[in-house]
2 protein chains.
Amino acid sequence: MRIGELADRCGVTTKTIRFYESIDLLSEPNRTASGYRDYDDGAVQRLQFIRDAQSSGLTLAEIASVLELKSAGQRTCSHTAQLVSQHIAAIDQQITQLIAARDELSELAQRAESLDPSSCTDPNRCQVIEAGRSHT
Amino acid sequence: MRIGELADRCGVTTKTIRFYESIDLLSEPNRTASGYRDYDDGAVQRLQFIRDAQSSGLTLAEIASVLELKSAGQRTCSHTAQLVSQHIAAIDQQITQLIAARDELSELAQRAESLDPSSCTDPNRCQVIEAGRSHT
DNA sequence: CCAAACGTTCCCCTACGCTGGAAGAACGCT
DNA sequence: AGCGTTCTTCCAGCGTAGGGGAACGTTTGG
(Lines give C-alpha, C1' and ligand atoms only; values in the text may rest on other atoms or scores of the structure.)
Protein backbone atom coordinates (compact mmCIF):
# COMPACT_ATOMS: atom_id res chain seq x y z
CA MET A 1 0.00 0.00 0.00
CA ARG A 2 1.07 3.61 -0.42
CA ILE A 3 1.83 6.06 2.33
CA GLY A 4 -1.61 7.68 2.38
CA GLU A 5 -3.39 4.41 2.99
CA LEU A 6 -1.00 3.44 5.75
CA ALA A 7 -1.54 6.85 7.31
CA ASP A 8 -5.33 6.51 7.17
CA ARG A 9 -5.28 3.02 8.59
CA CYS A 10 -3.19 4.07 11.56
CA GLY A 11 -4.68 7.48 12.13
CA VAL A 12 -1.55 9.49 11.49
CA THR A 13 -0.45 11.89 8.76
CA THR A 14 1.95 11.09 5.96
CA LYS A 15 4.24 13.71 7.48
CA THR A 16 4.43 11.69 10.65
CA ILE A 17 5.29 8.52 8.78
CA ARG A 18 8.12 10.19 6.88
CA PHE A 19 9.31 11.74 10.12
CA TYR A 20 9.37 8.34 11.84
CA GLU A 21 11.34 6.97 8.92
CA SER A 22 13.81 9.85 9.14
CA ILE A 23 14.60 9.01 12.76
CA ASP A 24 14.82 5.27 11.98
CA LEU A 25 11.71 4.42 13.92
CA LEU A 26 10.22 2.95 10.77
CA SER A 27 12.54 1.20 8.36
CA GLU A 28 12.77 2.35 4.78
CA PRO A 29 10.09 0.61 2.75
CA ASN A 30 10.41 -0.74 -0.76
CA ARG A 31 9.73 1.70 -3.53
CA THR A 32 7.56 1.32 -6.62
CA ALA A 33 9.14 1.84 -10.02
CA SER A 34 8.16 5.49 -9.85
CA GLY A 35 9.63 6.02 -6.42
CA TYR A 36 6.54 5.79 -4.23
CA ARG A 37 6.90 4.16 -0.82
CA ASP A 38 5.28 0.72 -0.83
CA TYR A 39 4.26 -0.72 2.55
CA ASP A 40 3.13 -4.17 3.60
CA ASP A 41 0.87 -5.16 6.50
CA GLY A 42 3.84 -5.43 8.84
CA ALA A 43 4.20 -1.69 8.60
CA VAL A 44 0.64 -1.28 9.88
CA GLN A 45 1.43 -3.48 12.87
CA ARG A 46 4.63 -1.66 13.62
CA LEU A 47 3.10 1.76 13.29
CA GLN A 48 0.15 0.82 15.49
CA PHE A 49 2.55 -0.55 18.04
CA ILE A 50 4.40 2.75 18.03
CA ARG A 51 1.18 4.68 18.63
CA ASP A 52 0.15 2.32 21.42
CA ALA A 53 3.48 2.65 23.12
CA GLN A 54 3.35 6.39 22.69
CA SER A 55 -0.08 6.62 24.24
CA SER A 56 1.32 4.71 27.18
CA GLY A 57 3.63 7.64 27.71
CA LEU A 58 6.85 6.33 26.20
CA THR A 59 8.93 8.72 24.13
CA LEU A 60 9.85 7.93 20.55
CA ALA A 61 13.45 7.35 21.62
CA GLU A 62 12.35 4.75 24.13
CA ILE A 63 10.12 3.04 21.61
CA ALA A 64 12.99 3.00 19.16
CA SER A 65 15.20 1.25 21.68
CA VAL A 66 12.60 -1.47 22.20
CA LEU A 67 12.12 -1.97 18.49
CA GLU A 68 15.85 -2.02 17.82
CA LEU A 69 16.37 -4.89 20.20
CA LYS A 70 13.30 -6.68 18.89
CA SER A 71 14.59 -6.52 15.35
CA ALA A 72 17.91 -7.88 16.55
CA GLY A 73 15.94 -10.95 17.57
CA GLN A 74 16.15 -10.43 21.30
CA ARG A 75 13.52 -11.29 23.86
CA THR A 76 12.97 -7.83 25.17
CA CYS A 77 10.56 -8.26 28.04
CA SER A 78 13.26 -7.56 30.59
CA HIS A 79 14.60 -4.65 28.61
CA THR A 80 11.15 -3.22 28.22
CA ALA A 81 10.53 -3.68 31.92
CA GLN A 82 13.72 -1.87 32.82
CA LEU A 83 12.98 0.93 30.42
CA VAL A 84 9.48 1.31 31.75
CA SER A 85 10.65 1.47 35.34
CA GLN A 86 13.25 4.07 34.41
CA HIS A 87 10.58 6.11 32.76
CA ILE A 88 8.35 5.82 35.80
CA ALA A 89 11.18 7.13 37.95
CA ALA A 90 11.64 10.08 35.60
CA ILE A 91 7.93 10.84 35.77
CA ASP A 92 7.98 10.68 39.56
CA GLN A 93 10.75 13.23 39.56
CA GLN A 94 8.80 15.50 37.25
CA ILE A 95 5.73 15.19 39.45
CA THR A 96 7.78 16.04 42.52
CA GLN A 97 9.14 19.14 40.83
CA LEU A 98 5.73 20.23 39.68
CA ILE A 99 4.28 19.82 43.13
CA ALA A 100 7.10 21.90 44.57
CA ALA A 101 6.43 24.63 42.01
CA ARG A 102 2.74 24.40 42.78
CA ASP A 103 3.35 24.85 46.48
CA GLU A 104 5.55 27.83 45.79
CA LEU A 105 2.86 29.41 43.65
CA SER A 106 0.13 28.71 46.18
CA GLU A 107 2.07 30.72 48.70
CA LEU A 108 2.37 33.56 46.23
CA ALA A 109 -1.36 33.43 45.60
CA GLN A 110 -2.11 33.68 49.30
CA ARG A 111 0.29 36.55 49.71
CA ALA A 112 -1.24 38.36 46.76
CA GLU A 113 -4.58 38.36 48.53
CA SER A 114 -3.25 39.71 51.78
CA LEU A 115 -1.07 42.52 50.44
CA ASP A 116 -2.06 46.09 49.78
CA PRO A 117 -1.65 46.91 46.07
CA SER A 118 -1.14 50.60 46.73
CA SER A 119 2.10 49.88 48.54
CA CYS A 120 3.47 48.29 45.39
CA THR A 121 5.22 50.94 43.37
CA ASP A 122 8.67 49.78 42.38
CA PRO A 123 8.68 49.33 38.60
CA ASN A 124 11.27 46.58 38.75
CA ARG A 125 9.70 44.35 41.33
CA CYS A 126 6.50 43.01 42.71
CA GLN A 127 6.10 42.54 46.41
CA VAL A 128 4.03 39.42 45.95
CA ILE A 129 7.00 37.65 44.51
CA GLU A 130 9.70 39.59 46.27
CA ALA A 131 8.42 38.74 49.74
CA GLY A 132 8.92 35.06 49.13
CA ARG A 133 12.55 35.31 48.24
CA SER A 134 14.19 34.76 51.58
CA HIS A 135 12.79 31.35 52.32
CA THR A 136 13.09 29.87 48.83
CA MET B 1 28.65 48.50 35.49
CA ARG B 2 29.36 46.31 32.51
CA ILE B 3 27.58 43.14 31.54
CA GLY B 4 30.09 40.80 33.15
CA GLU B 5 29.74 42.39 36.56
CA LEU B 6 25.96 42.35 36.36
CA ALA B 7 26.13 38.70 35.39
CA ASP B 8 28.41 37.84 38.31
CA ARG B 9 26.29 39.75 40.79
CA CYS B 10 23.13 37.94 39.76
CA GLY B 11 24.60 34.54 39.15
CA VAL B 12 23.78 34.33 35.45
CA THR B 13 25.86 34.37 32.28
CA THR B 14 26.31 37.33 29.96
CA LYS B 15 24.62 35.20 27.33
CA THR B 16 21.53 34.98 29.47
CA ILE B 17 21.44 38.74 29.97
CA ARG B 18 21.66 39.43 26.26
CA PHE B 19 19.02 36.80 25.67
CA TYR B 20 16.68 38.46 28.18
CA GLU B 21 17.26 41.76 26.44
CA SER B 22 16.50 40.19 23.07
CA ILE B 23 13.10 39.05 24.28
CA ASP B 24 12.42 42.41 25.94
CA LEU B 25 12.56 41.03 29.44
CA LEU B 26 15.36 43.45 30.24
CA SER B 27 15.24 46.86 28.63
CA GLU B 28 18.11 48.08 26.51
CA PRO B 29 20.72 49.69 28.75
CA ASN B 30 22.74 52.79 28.00
CA ARG B 31 25.93 52.27 26.09
CA THR B 32 29.40 53.59 26.79
CA ALA B 33 31.15 55.64 24.11
CA SER B 34 32.68 52.45 22.78
CA GLY B 35 29.40 50.58 22.64
CA TYR B 36 29.57 48.54 25.84
CA ARG B 37 26.34 47.96 27.74
CA ASP B 38 26.30 50.08 30.90
CA TYR B 39 23.96 48.98 33.70
CA ASP B 40 22.84 50.69 36.89
CA ASP B 41 21.72 49.10 40.15
CA GLY B 42 18.14 48.96 38.98
CA ALA B 43 19.20 46.33 36.50
CA VAL B 44 20.48 44.17 39.36
CA GLN B 45 17.13 44.44 41.10
CA ARG B 46 15.20 43.65 38.00
CA LEU B 47 17.37 40.72 37.08
CA GLN B 48 17.21 39.29 40.58
CA PHE B 49 13.47 39.69 40.51
CA ILE B 50 13.37 37.73 37.28
CA ARG B 51 15.39 34.90 38.80
CA ASP B 52 13.21 34.85 41.91
CA ALA B 53 10.05 34.71 39.88
CA GLN B 54 11.55 32.01 37.71
CA SER B 55 12.50 29.90 40.67
CA SER B 56 8.89 30.18 41.78
CA GLY B 57 8.00 28.34 38.61
CA LEU B 58 6.83 31.20 36.41
CA THR B 59 7.84 31.17 32.77
CA LEU B 60 9.74 34.05 31.24
CA ALA B 61 6.65 35.04 29.27
CA GLU B 62 4.65 35.31 32.48
CA ILE B 63 7.35 37.30 34.18
CA ALA B 64 7.47 39.62 31.20
CA SER B 65 3.76 40.26 31.46
CA VAL B 66 4.10 41.23 35.12
CA LEU B 67 7.02 43.54 34.39
CA GLU B 68 5.30 45.11 31.41
CA LEU B 69 2.33 46.16 33.50
CA LYS B 70 4.59 47.32 36.30
CA SER B 71 6.53 49.57 33.97
CA ALA B 72 3.24 50.94 32.70
CA GLY B 73 2.73 52.14 36.26
CA GLN B 74 -0.02 49.77 37.19
CA ARG B 75 -0.65 48.22 40.56
CA THR B 76 -0.24 44.64 39.51
CA CYS B 77 -1.08 42.61 42.58
CA SER B 78 -4.38 41.49 41.13
CA HIS B 79 -2.81 40.79 37.77
CA THR B 80 -0.05 38.81 39.39
CA ALA B 81 -2.59 36.89 41.43
CA GLN B 82 -4.61 36.02 38.38
CA LEU B 83 -1.54 34.98 36.47
CA VAL B 84 -0.34 32.84 39.33
CA SER B 85 -3.67 31.07 39.67
CA GLN B 86 -3.73 30.40 35.93
CA HIS B 87 -0.30 28.92 36.17
CA ILE B 88 -1.34 26.75 39.09
CA ALA B 89 -4.22 25.42 37.01
CA ALA B 90 -1.82 24.59 34.18
CA ILE B 91 0.46 22.79 36.58
CA ASP B 92 -2.44 20.79 37.97
CA GLN B 93 -3.29 19.69 34.50
CA GLN B 94 0.28 18.61 33.86
CA ILE B 95 0.34 16.68 37.10
CA THR B 96 -2.90 14.93 36.20
CA GLN B 97 -1.49 13.92 32.84
CA LEU B 98 1.73 12.67 34.36
CA ILE B 99 -0.13 10.59 36.91
CA ALA B 100 -2.23 9.06 34.16
CA ALA B 101 0.93 8.19 32.21
CA ARG B 102 2.44 6.81 35.38
CA ASP B 103 -0.54 4.55 35.99
CA GLU B 104 -0.38 3.31 32.44
CA LEU B 105 3.29 2.49 32.79
CA SER B 106 2.79 0.77 36.14
CA GLU B 107 0.42 -1.60 34.45
CA LEU B 108 2.97 -2.29 31.76
CA ALA B 109 5.58 -2.98 34.40
CA GLN B 110 3.34 -5.49 36.15
CA ARG B 111 2.55 -7.20 32.88
CA ALA B 112 6.22 -7.38 31.99
CA GLU B 113 6.88 -9.37 35.12
CA SER B 114 4.09 -11.85 34.56
CA LEU B 115 4.70 -12.60 30.88
CA ASP B 116 6.92 -15.26 29.41
CA PRO B 117 9.67 -13.64 27.33
CA SER B 118 10.08 -16.70 25.14
CA SER B 119 6.59 -16.24 23.74
CA CYS B 120 7.58 -12.83 22.48
CA THR B 121 8.87 -13.23 18.96
CA ASP B 122 7.17 -10.75 16.67
CA PRO B 123 9.85 -8.30 15.49
CA ASN B 124 7.33 -5.47 15.16
CA ARG B 125 5.68 -5.65 18.53
CA CYS B 126 6.15 -6.36 22.18
CA GLN B 127 3.50 -8.23 24.07
CA VAL B 128 4.07 -6.18 27.19
CA ILE B 129 2.82 -3.12 25.43
CA GLU B 130 0.56 -4.79 22.92
CA ALA B 131 -1.53 -6.51 25.56
CA GLY B 132 -2.62 -3.21 27.00
CA ARG B 133 -4.03 -1.85 23.81
CA SER B 134 -7.65 -2.92 24.12
CA HIS B 135 -8.46 -1.15 27.35
CA THR B 136 -6.52 2.04 26.73
C1' DC C 1 -6.39 13.77 -22.65
C1' DC C 2 -6.37 16.45 -18.90
C1' DA C 3 -7.19 17.93 -14.24
C1' DA C 4 -7.48 16.47 -9.50
C1' DA C 5 -5.55 13.94 -6.06
C1' DC C 6 -1.77 11.83 -4.62
C1' DG C 7 3.19 11.18 -4.20
C1' DT C 8 8.32 12.95 -3.87
C1' DT C 9 12.25 15.92 -1.67
C1' DC C 10 13.57 20.06 0.50
C1' DC C 11 13.88 23.43 3.94
C1' DC C 12 11.87 26.38 7.40
C1' DC C 13 8.76 26.98 11.57
C1' DT C 14 6.69 26.08 16.31
C1' DA C 15 7.81 26.60 21.97
C1' DC C 16 11.31 26.95 25.81
C1' DG C 17 15.50 28.79 27.75
C1' DC C 18 19.17 29.24 26.89
C1' DT C 19 24.55 27.70 25.21
C1' DG C 20 28.42 27.68 22.01
C1' DG C 21 31.40 29.64 18.74
C1' DA C 22 33.48 32.93 15.29
C1' DA C 23 35.26 37.38 14.06
C1' DG C 24 36.34 41.61 15.42
C1' DA C 25 36.75 45.92 18.74
C1' DA C 26 38.04 47.73 23.27
C1' DC C 27 40.01 47.61 27.86
C1' DG C 28 43.63 46.90 31.41
C1' DC C 29 48.08 45.85 33.00
C1' DT C 30 53.02 45.50 32.39
C1' DA D 1 53.66 48.19 22.52
C1' DG D 2 51.67 44.06 23.29
C1' DC D 3 49.13 40.37 25.46
C1' DG D 4 45.16 38.52 27.72
C1' DT D 5 40.54 39.38 29.00
C1' DT D 6 36.25 41.39 28.19
C1' DC D 7 33.12 43.22 25.20
C1' DT D 8 30.35 43.50 20.50
C1' DT D 9 27.37 41.20 16.79
C1' DC D 10 25.60 37.37 14.37
C1' DC D 11 24.75 32.54 13.35
C1' DA D 12 23.73 27.87 14.85
C1' DG D 13 21.93 24.42 17.60
C1' DC D 14 19.75 21.53 21.52
C1' DG D 15 15.35 18.34 22.17
C1' DT D 16 10.42 16.94 21.23
C1' DA D 17 7.18 15.67 17.74
C1' DG D 18 5.97 16.89 14.09
C1' DG D 19 3.31 20.99 10.71
C1' DG D 20 3.44 24.16 6.51
C1' DG D 21 4.34 24.92 2.12
C1' DA D 22 7.19 25.14 -2.36
C1' DA D 23 8.31 22.97 -6.56
C1' DC D 24 7.86 19.18 -9.04
C1' DG D 25 6.54 14.10 -10.67
C1' DT D 26 2.75 10.21 -10.89
C1' DT D 27 -1.63 8.04 -10.93
C1' DT D 28 -6.39 7.71 -11.78
C1' DG D 29 -11.07 8.73 -13.22
C1' DG D 30 -14.22 10.96 -16.43
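So that the names make sense, note that chain A is the first sequence line, chain B the second, and so on, each numbered from 1. These numbers come from the heavy atoms of this one structure, side chains and all, not from hydrogens, waters or symmetry mates.
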Grab the CG-P distance between A:D24 and D:dA17 for me, whole Å please. 15 Å
Atom pair distance, as rounded to whole Å: NE2 in A:H87 and C1' in D:dT16: 13 Å
If I take atom CG in residue B:L6 and atom P in nucleotide D:dT8, what distance separates them, rounded to the nearest angstrom? 11 Å
Test your reading of the model: is there a side-chain donor-acceptor pair from A:H87 to the backbone of B:L105, 3.5 Å cut-off? no
Could you check how far CD of B:E5 sits from C1' of C:dG28, rounded to whole Å? 15 Å
Looking at B:L6, B:I17, B:I50, which hits side-chain contact (heavy atoms from CB on, under 4.5 Å) with B:V12? B:I17
Atom CD1 of A:I23 to atom C1' of D:dC14: distance rounded to whole Å? 16 Å
List the steps and the verdict of salt bridge (charged side-chain N to carboxylate O under 4.0 Å, His left out) for B:E21 and B:R37. CA-CA 11 Å; B:E21 184 185 323; B:R37 286 173 179 79; 2.8 Å; yes
Would you say A:Y20 places a side-chain N or O within less than 4.0 Å of OP1 or OP2 belonging to D:dA17? no
Side-chain N or O of A:T16 closer than 4.0 Å to phosphate OP1/OP2 of D:dG19: yes
Short question: side chain of B:D40, backbone of B:A43 - any donor-acceptor pair under 3.5 Å? yes
What nucleic acid atoms does A:R18 come within less than 4.0 Å of, heavy atoms only: base, sugar-phosphate, or nothing? base
Closest approach to the side chain of A:I3, judged atom by atom: which nucleotide of C:dC18, C:dT8, D:dG18 is it? C:dT8
For C:dC18, does OP1 or OP2 lie under 4.0 Å from any side-chain N or O of B:Q54? yes
So, B:N30 side chain and B:Y39 main chain: donor-acceptor pair closer than 3.5 Å or not? no
Indicate yes or no for a side-chain donor-acceptor contact from A:R9 to the backbone of A:Q48 under 3.5 Å, with no hydrogens or angles considered. no
Proximal nucleotide (of C:dG17, D:dA17, D:dT28) relative to the A:R2 side chain: D:dT28
Is A:T59 close enough to D:dT16 that one of its side-chain N or O atoms is under 4.0 Å from OP1 or OP2 there? no
Whole-Å distance, A:M1 CE to D:dT27 C1', equals 18 Å
Kindly say whether B:D92 contributes a backbone atom to a donor-acceptor pair with the side chain of B:T96 at under 3.5 angstrom? yes
Expected list for residues 26-39 of chain A near DNA chain D, using heavy atoms below 4.0 Å, is A:S34, A:Y36
D:dC11 C1' sits how many Å from B:F19 CZ, rounded? 15 Å
In whole angstrom, what separates A:I63's CD1 from D:dG18's C1'? 14 Å
Is any side-chain N or O of B:K15 under 3.5 Å from a base N or O of C:dG17, one able to act as donor and the other as acceptor? no
